[in-house]
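Data block below; observations after.
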Protein chains: 2
Amino acid sequence: MVAPDWEQMPYFLAVARTGSLRAAAAELNTAHGTVNRHIRALEATYGVQLFQRTRSGLELSSAGRALVPIAQDAETLFLGARRRLQGLDRQEAGAVRFSMTGVMAYEIVSPILVRFFDEYPEIDLEIHVSDRFEDINRLETDVSLRYTDEVRDADVVARKLYPMALAPYASRAYLERHLPNAGPEGEGLHWIGWDEINRSPDWVRQTSFPKAQVRHATTDHVLQLSLLRRGFGMVNTSVYFESIYPELVRVPGGDITLERSLWLLLHSDLRRTTRVRRFVDYLADALKAMRPQLQGELA
Amino acid sequence: MVAPDWEQMPYFLAVARTGSLRAAAAELNTAHGTVNRHIRALEATYGVQLFQRTRSGLELSSAGRALVPIAQDAETLFLGARRRLQGLDRQEAGAVRFSMTGVMAYEIVSPILVRFFDEYPEIDLEIHVSDRFEDINRLETDVSLRYTDEVRDADVVARKLYPMALAPYASRAYLERHLPNAGPEGEGLHWIGWDEINRSPDWVRQTSFPKAQVRHATTDHVLQLSLLRRGFGMVNTSVYFESIYPELVRVPGGDITLERSLWLLLHSDLRRTTRVRRFVDYLADALKAMRPQLQGELA
DNA sequence: ACAAAGTGGTTCAAAAATTGACCACAGCCA
DNA sequence: TGGCTGTGGTCAATTTTTGAACCACTTTGT
């Protein structure tokens, strides 16, 4: 057996949904013995019982319940793939489908979108907020605004705008309280982290405050910002926010970095579609006008 | 063949990664003929060529490239499932893993979290922002704050806080501009929508402005709010925002709804874990104190 | 120039999975 | 009470999938 989970998962889903081997078998056009074998195999590979077998059917165990949403997600994923690969999604497309990350959306781009709608009221917008770089490759979106160091992709036309300046920030209140007691390399300060909790991950050692600890973590940029403004700790973030949140102060001694840039990406199929062109040009111009604020004094 | 995509996907991934049938076969401990057969089957079910076959290997086609990130997502999903079902994740868990939706996080809960850290500096927090209700069931988080109408779940202890009041809002500027020209049932106004673009979906007909059109859509609540404040159209949202964003005005003639409530959920395994208890109690108390603002004048 | 090692394609005996018919048992209903 | 229908469990016959050895060809390194 090459792929234990993948192969058995649909059997699991069908049984979870129907509550019996035979009903699941009917749904999958197969025999109930086969379904049973797959379920047993899945339970064996996980080493956990997924169902309680009763005379009246199979009932999800606690582990089984944890697996259901995961399997459903995968199913959604595959259904979407099917639709998109067969090109059923792209057909009419009166709207421009646009994707960007949360921070950009909320603070930087949304006023631009409002102005765009004023000037081009005939163009509808479907706006996706996501941190996943791949959206445009999976044909989910037409245009994507990303913050990254490098773009190399066959089907994607990438337009590099300019580097964005990042620096460590904290709230004025946080610094007044913690900076007097902090050691030379940031000892006693806190970074607000990204992934799981790990008080001293690798990336911290490469910052200007290698001895600051990570005590809180969230993968959401906006929440990082919200916590930052309210005095949770330090975050490396765009200098732009200095201008809109007066309570933020650049941490003394922190380095400014210009490593990554803003990129505007569009799927190459759409390069010549007018409504997409309009939107991309408008957005690029508007963002270029904001260059001084986003690139900081290094512009 | 019961599950065309699921079964073949790992073969696809291996070939996409290695670039050759034989190398993929080695990775999967099988024969290259088998891999080839599966790839062909996958291409047949999708009706699309996924690879260009050359003498020097298989190269991803444009459709193939669209499929890679999807397959990778599924893989991540399954790997995570494995870890969690086998209970490897839960072990030490010094941190409380907490999940909530974006709007709540940014505007309502983040100040509470800051105060909590002040009072309990020994408890680390891993904060997830997500709209997925299922997080707690898949054992990804310990505590979850949700806005919904009903909670029924075997492994979950649910604490109902109180109903939240929603009403249609728009920016003052938007209303001044569009309301004079609007028809009786909202004709000429715009809703900011949720899913894909569809100018008159079902849910609109059940609102107080059934003839308003949906011209823009985003599945991100915070972006909805941001667009709302800047005058993009109307959104049904919490009356709480009226108090923090002075530019928002309740749309005259719009109904207030109290259908769904705030719920605080925790996985029943953790009911008696002290650090989780502390956190849940603290959060519940702090949220109860905000009841008048969240439930509106109907409180 | 010429092996050696790599590529995908093809074939067919061997291995594995599926089928379908049979159990024994639970509930339900007349 | 007895029969009908549903449940999971089992197992030999059958079908499908696999593995391994070929082929023809290209690329790489000597």
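Chain letters run A, B, ... following the sequence lines, proteins first and then strands; every chain starts at 1.
Between A:Arg55 atom CZ and C:dA26 atom P the separation is 5 Å, expressed in whole Å. Atom CD of B:Glu59 is separated from atom C1' of C:dG8 by 14 Å (rounded to the nearest Å). The interatomic distance linking A:Arg37 (CZ) with C:dT19 (C1') rounds to 11 Å, in whole Å. The interatomic distance linking A:Asn36 (CG) with D:dC11 (P) rounds to 13 Å, in whole Å.
One can find a donor-acceptor pair under 3.5 Å joining the base of C:dG8 and the side-chain atoms of B:Arg22.
Toward the 5′ end of DNA chain D lies the nearest nucleotide of B:His38, the other residue of the pair B:His32 and B:His38 mapping further downstream.
In this structure, B:His38 and B:Tyr11 have parallel ring planes: the angle between them is below the 30° cut-off, well short of the 60° mark.
Among the protein residues, A:Thr34 comes within range of the nucleic acid bases, having at least one heavy atom under 4.0 Å from a base atom.
Here the side chain of B:Ser20 is nearest to one of C:dT18, C:dA26, C:dT7, namely C:dT7.
The salt bridge (charged side-chain N to carboxylate O under 4.0 Å, His left out) pairs that include a residue from residues 15-41 of chain A are A:Arg17-A:Glu75, where partners are two or more places apart or lie in different chains.
Direction of the helix axis in the helix from C:dA1-D:dT30 to C:dC25-D:dG6 shifts by 20° between the two five-pair termini, rounded to 10°.
Applying the 90° cutoff around 0 to the glycosidic angle, D:dA24 is assigned anti.
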